[in-house]
Structure formats: C-alpha cells, structure tokens
*Asks:* 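Once you've had a glance at the structure underneath, I'll fire off some questions.
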Amino acid sequence: EAGVAQSPRYKIIEKRQSVAFWCNPISGHATLYWYQQILGQGPKLLIQFQNNGVVDDSQLPKDRFSAERLKGVDSTLKIQPAKLEDSAVYLCASSRRLDSYEQYFGPGTRLTVT
Amino acid sequence: AQSVTQPDIHITVSEGASLELRCNYSYGATPYLFWYVQSPGQGLQLLLKYFSGDTLVQGIKGFEAEFKRSQSSFNLRKPSVHWSDAAEYFCAVGAGRSNYQLIWGAGTKLIIKP
C-alpha cells in the first residue's frame, strides 16, 4: 500500500509570493488533514476534509490560506501572499474514515519564507 | 479543556540504555492514545496505539507503551535504545471530539549519546 504523497518536499519563496502544496492520500482514505508544524512544536491542524467536503477549517487563516479537495482524492493547500511567519513544515495526513483517529502522514513540505 | 502534556522537551540517553518518555493527558473518559515518531526531515510515523483491552501495547521498532488510567498517563518505553532512535516523539490523544481530531503534545526530542 502506497503511503501519503506530498510535493514539493522543499520550497523557498519571498514574502508576499504565493505557493501551493499538493497531497495524495492513501488510496481509499476518506479523511484528509493539513497540518502546520513550526519548528519545535507539535502539529497544528489547519483543515480537515471528509471526501470533498470541509469538516473543520476553524484554524485556517482564510485571508491568505486556501485548500481544496475537489474530487475527494488529492488536495492542494495554497498560501497567498506568504508571510515570514508561514515558514514551517506542512504535513498532510489521511485516515480511513472520519471516525478513525488513526492518521497516516506524508513526508511534509518544508517552506521557508525569506 | 482536553490537553496533552509531554513534560520533557529534551531527553539524552546513552546508546544501549533504557528509555521512558512521559505523556499525560486531561480527559474524563478513556481516550484513544497514540505515539508518533518524527525523524529529521521526515513526516510522522505511527509507533503504537491504544484503543482498549490490554494496557501494555507493543509497537514497531521495539517500543512499548503502558496506559495507566489512574495516572492519566501513556508513557513510551524501550529497553535498549539505538542511535537510529534519535528523533522527536509525539504523544497524541483522540478524546471524543466531534470531528475525531487528535490533540497533540509538544513533543520530546530524544538525543542518543554514543
């Protein structure tokens, strides 16, 4: 079984530029999560999808962040415009169904905003 | 409010010595409990989980954890650490939230002395 795929692995941009991250979950997993992990901290949930619907986006800074999962499979997270404080690792995770707490993570995208 | 505490930010252990990483949670009922490991530059990998039953659970890479209801703890142990165990370890709790989200500890960084 293939794991969660993410790309790119690394990205360096200047502040005020835009960036997009892509995630392909484990096949058949209905629930997809995007997390932000700042160095030295635990993951912070940004948005949770169930199939192609948003379950929770209460911690997503909607003035600059957006995410979609149009066909209920892969997902894209976008930041526009980026700020210095967005420098972090962006993790994508998936679980088999909404009521399964067991999450499987991709390798993450390390974003550096200069 | 539900919370997860990992009291140790860093732990240094000699190679071959035993290891115990602490995790305490705040929740009224029995939660779902997880330990994840994050190696440098990698995503989070599930080490082990507790849902119910035997309170001593075995995981991958020789790790085990014990759920102690009276202490609201789920400590991670390994009898003999290897240099490759150097990583950050995160405890997470699924505690009946309506969206089945995990509550994360801040992590413990394990340093291995040769």
Side-chain angles (χ1 to χ4, degrees), chain A residues 1-10 21 23-26 29-50 53-60 88-112, chain B residues 2-11 21 23-25 27 29-52 57 59-60 65 67 74 87-111:
Chain A
E1 179 179 72
V4 177
Q6 287 189 250
S7 67
R9 291 295 311 277
Y10 305 92
F21 313 127
C23 172
N24 191 36
I26 293 172
H29 280 201
T31 310
L32 185 147
Y33 309 80
W34 282 103
Y35 288 91
Q36 180 191 60
Q37 186 181 26
I38 292 173
L39 188 64
Q41 299 181 16
K44 172 190 169 187
L45 180 68
L46 293 175
I47 189 166
Q48 178 186 9
F49 290 95
Q50 172 69 5
V54 175
V55 176
D56 185 354
D57 63 357
S58 58
Q59 297 197 83
L60 188 73
V89 176
Y90 291 85
L91 295 165
C92 178
S94 68
S95 62
R96 195 171 301 278
R97 46 180 204 277
L98 182 62
D99 62 349
S100 169
Y101 286 105
E102 191 169 336
Q103 297 178 23
Y104 296 87
F105 284 80
T109 298
R110 180 174 297 278
L111 174 68
T112 302
Chain B
Q2 300 153 353
S3 64
V4 178
T5 302
Q6 292 181 248
D8 305 303
I9 297 174
H10 299 100
I11 280 189
L21 301 182
C23 174
N24 293 94
Y25 64 88
Y27 181 58
T30 300
Y32 297 97
L33 298 160
F34 302 85
W35 276 99
Y36 284 84
V37 60
Q38 187 174 34
S39 298
Q42 302 297 316
L44 290 105
Q45 181 182 21
L46 180 63
L47 275 178
L48 47 76
K49 61 191 178 189
Y50 173 79
F51 289 174
S52 65
V57 294
I60 61 172
F67 168 56
F74 187 57
E88 188 140 23
Y89 292 80
F90 291 91
C91 180
V93 170
R97 290 183 147 185
S98 60
N99 293 328
Y100 302 95
Q101 294 164 8
L102 292 177
I103 304 166
W104 293 87
T108 297
K109 185 172 183 178
L110 175 62
I111 300 164

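Chain A is the first sequence line, chain B the second, and so forth, proteins listed ahead of strands; every chain is numbered from 1.
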*Asks:* From B/Leu46 CG over to A/Tyr104 OH, what is the distance, rounded to the nearest 0.5 angstrom?
*Replies:* 6.0 Å

*Asks:* Most heavy-atom pairs under 4.5 angstrom with chain A, which of B/Gln38, B/Glu88, B/Gln6, B/Gln45?
*Replies:* B/Gln38

*Asks:* With chain B, which of A/Pro107, A/Pro43, A/Gly108 has the greatest number of heavy-atom pairs at distances under 4.5 Å?
*Replies:* A/Pro43

*Asks:* Can you name the closest pair of heavy atoms from A/Gly42 and B/Phe90 and give their distance?
*Replies:* CA-CE2, 3.4 Å

*Asks:* If you count heavy-atom pairs under 4.5 Å between each of A/Val4, A/Asp99, A/Asp56 and chain B, which one has the most?
*Replies:* A/Asp99

*Asks:* Between B/Gly43 and A/Leu91, which heavy-atom pair has the shortest distance, and what is it?
*Replies:*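 Closest approach of B/Gly43 to A/Leu91: CA-CD2, 4.1 Å.
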
*Asks:* Hey, can you tell me if B/Trp104 and A/Tyr35 have their rings parallel, tilted or perpendicular (30° and 60° cut-offs)?
*Replies:*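 Perpendicular.
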
*Asks:* Could you measure the distance from the CZ atom of B/Phe51 to the OG atom of A/Ser100? Nearest 0.5 Å is fine.
*Replies:* 6.0 Å

*Asks:* With respect to chain B, which residue among A/Gln6, A/Gln50, A/Gln37 yields the maximal number of heavy-atom pairs within a distance under 4.5 Å?
*Replies:*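 Most heavy-atom pairs under 4.5 Å with chain B: A/Gln37.
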
*Asks:* Evaluate the side-chain proximity of B/Tyr100 to A/Arg97: yes if any heavy-atom separation is below 4.5 Å, no if none is.
*Replies:*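 Side-chain contact under 4.5 Å: no.
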
*Asks:* Do other residues, nucleotides or ligands put more than 12 heavy atoms under 6.0 Å from the CD1 atom of B/Ile60?
*Replies:*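 Enclosed: over 12 neighbouring heavy atoms sit under 6.0 Å from CD1 of B/Ile60.
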
*Asks:* Measure the acute angle between the ring planes of A/Phe105 and B/Tyr36, then classify it against the limits of 30° and 60° as parallel, tilted or perpendicular.
*Replies:*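 Perpendicular, since the angle between the ring planes exceeds 60°.
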
*Asks:* Please classify the contact between A/Gln41 and chain B as side chain, backbone, both or neither, with a heavy-atom cut-off of under 4.5 Å.
*Replies:* backbone

